[in-house]
Amino acid sequence: MSLYETIGAERVAKILRIFYERCFEDVMIGHFFFEKNHEDLLRQQTDFATGMLGGPISYQGRPLATIHKSLMIRAPQFARRRQILIETMKELELEPDLIQSWISLEDKLKPLILKDQGSCRD
């Protein structure tokens, strides 16, 4: 059984909705979402996460590296997003092993999302 099936479609959707509502308002990462249509973004993120978790793949958006390249996301911002997701899952009483499995999939996306850390001038 996939992680998506184990967690359940409704529960995944609820986690993501609350998580993104918190991200939109967060002082450290909220600015990435200014002037974005939050409902469209939530729908795209839900589609992406569903596929990532082993559910039916319906994400039709651009590749992650392309989308995030111009955002200049740094490691502390990635870590903040990660922490909000963990807190949201804990508050919604997702089992610790499921949280860890989900986070481990998210962590694999880090090279596609972060601004290259190779140079101080980038």
Side-chain angles (χ1 to χ4, degrees):
M1 188 181 311
S2 72
L3 188 55
Y4 181 79
E5 293 168 321
T6 302
I7 296 170
E10 287 183 30
R11 201 169 183 198
V12 167
K14 183 176 183 178
I15 289 167
L16 291 170
R17 174 160 295 280
I18 293 169
F19 164 67
Y20 274 101
E21 287 171 356
R22 291 175 180 180
C23 288
F24 297 152
E25 301 297 323
D26 189 74
V27 295
M28 186 172 184
I29 63 172
H31 67 279
F32 290 118
F33 306 104
F34 289 169
E35 299 182 18
K36 304 278 192 245
N37 181 309
H38 290 178
E39 285 304 314
D40 285 346
L41 183 68
L42 179 61
R43 185 172 43 260
Q44 287 180 0
Q45 292 296 322
T46 300
D47 288 349
F48 181 83
T50 295
M52 179 186 73
L53 297 171
I57 298 172
S58 59
Y59 178 73
Q60 300 295 317
R62 296 179 295 160
L64 291 185
T66 303
I67 294 169
H68 294 92
K69 184 176 183 177
S70 66
L71 296 177
M72 306 294 283
I73 298 170
R74 302 290 184 180
Q77 294 157 325
F78 186 89
R80 177 64 182 145
R81 180 193 178 281
R82 184 182 192 276
Q83 186 58 39
I84 295 169
L85 181 56
I86 291 169
E87 289 170 1
T88 302
M89 290 189 282
K90 284 181 178 179
E91 288 174 24
L92 294 174
E93 300 179 350
L94 192 64
E95 294 80 359
D97 61 319
L98 299 178
I99 293 172
Q100 183 55 47
S101 295
W102 186 333
I103 290 300
S104 130
L105 292 170
E106 295 272 345
D107 286 346
K108 290 178 183 177
L109 302 174
K110 193 173 185 176
L112 301 173
I113 294 171
L114 285 188
K115 170 72 177 137
D116 181 15
Q117 301 291 310
S119 169
C120 295
R121 293 187 242 196
D122 288 344

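The first residue of the sequence shown is numbered 1, and numbering continues consecutively from there. These values consider heavy atoms only, across backbone and side chains, with no hydrogens, waters or symmetry-generated copies.
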Is it true that Ile57 and Leu42 fall in one hydrophobic cluster, defined by side-chain heavy atoms closer than 4.5 Å?
-> no
Heavy-atom distance under 4.5 Å between the side chains of [X] and [Y], does that happen here?
| X | Y | value |
| --- | --- | --- |
| Pro56 | Thr50 | yes |
| Trp102 | Met52 | yes |
| Leu92 | Arg11 | no |
| Phe32 | Leu41 | no |

Once rounded to the nearest 0.5 Å, what's the spacing between atom [atom1] of [X] and atom [atom2] of [Y]?
| X | Y | atom1 | atom2 | result |
| --- | --- | --- | --- | --- |
| Asp107 | Phe78 | CG | CZ | 5.5 Å |
| Lys90 | Ile99 | NZ | CD1 | 6.5 Å |
| Gln83 | Met28 | CD | CE | 11.5 Å |
| Ser101 | Ile7 | OG | CD1 | 8.0 Å |
| Ile15 | Leu98 | CD1 | CG | 9.0 Å |
| Arg43 | Asp47 | CZ | CG | 8.0 Å |

Tightest non-hydrogen contact, residues Leu53 and Ser2, listed as O-CB, 3.8 Å
Nearest heavy-atom pair of Tyr4 and Ala9: which atoms, and what distance?
-> OH-CB, 3.1 Å
Expected output: side-chain Gln77 to main-chain Arg74 donor-acceptor under 3.5 Å | yes
Inspect the surroundings of CG in Leu105 and state if more than 12 heavy atoms from other residues, nucleotides or ligands are less than 6.0 Å away.
-> yes
So Thr88 and Tyr20, side-chain contact (heavy atoms from CB on, under 4.5 Å) or not? Walk me through it.
-> CA-CA 10 Å; Thr88 302; Tyr20 274 101; over 6 Å; no
So, are Lys14 and Glu93 salt-bridged, with charged N and O less than 4.0 Å apart?
-> no
Carboxylate-amine/guanidinium proximity below 4.0 Å for Arg81 and Glu106 | yes
For the pair Ile18 and Glu91, evaluate side-chain contact (heavy atoms from CB on, under 4.5 Å) and give the outcome as yes or no after the intermediate values.
-> CA-CA 10 Å; Ile18 293 169; Glu91 288 174 24; 5.8 Å; no
Residues which pass side chain to side chain donor-acceptor pair (under 3.5 Å) with Glu21, listed by chain and number, not counting sequence neighbours | none
